[in-house]
Amino acid sequence: MILLSDRRISAIPLGDNGEALVDVRQVAELRVDDRLADEAGAYAHLREATVQRLLAAQRTLPEDCGC
């Protein structure tokens, strides 16, 4: 297991890759828990590729999982 505080994680360079952000509250197939929402709504914005991976993962779940 690698923790987020691990120096190998902090050594990964961060930067804007130019990929569009998607407001997942607008993606009908995804449910969003807004109990810890910030006023700006940043909690609900993910990169487009991340949203696509979430949707792909959700399609692999059993239909009766309650998603």
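Since the structure is predicted, the reported quantities are computational estimates derived from the model, not experimental observations.
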Q: With sequence neighbours left out, what residues match Arg25 under side chain to side chain donor-acceptor pair (under 3.5 Å)?
A: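 Arg25: side chain to side chain donor-acceptor pair (under 3.5 Å) contacts with Asp23.
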Q: In Å, rounded to the nearest 0.5 Å, how long is the span from CD of Glu48 to CG of Leu46?
A: 11.5 Å
Q: Is the side chain of Asp34 donor-acceptor paired with the backbone N or O of Ala37 at a distance under 3.5 Å, no angle test?
A: no
Q: Any side-chain heavy-atom pair from Leu36 and Tyr43 closer than 4.5 angstrom?
A: no
Q: Hey, what do you get for CG (Asn17) to CZ (Arg47), rounding to the nearest 0.5 Å?
A: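 Here the rounded value is 5.0 Å.
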Q: Using the salt bridge (Lys or Arg N to Asp or Glu O under 4.0 Å) criterion, which residues pair with Arg7? Sequence neighbours excluded.
A: none
Q: Any side-chain heavy atom of Val27 sitting closer than 4.5 Å to one from Val51?
A: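 Yes. Closest side-chain heavy atoms under 4.5 Å.
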Q: State the NE2-OG1 distance between His45 and Thr50, to the nearest 0.5 angstrom.
A: 13.5 Å
Q: In Å and rounded to the nearest 0.5 Å, what is the CD to CZ distance from Gln58 to Arg31?
A: 9.0 Å
Q: For the CG atom of Leu54 and the CG atom of Leu30, what is their distance to the nearest 0.5 Å?
A: 6.0 Å
Q: Please report the interatomic distance CG(Leu55) to OG1(Thr60), rounded to the nearest 0.5 Å.
A: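 Atom-to-atom, Leu55:CG and Thr60:OG1 are 11.5 Å apart.
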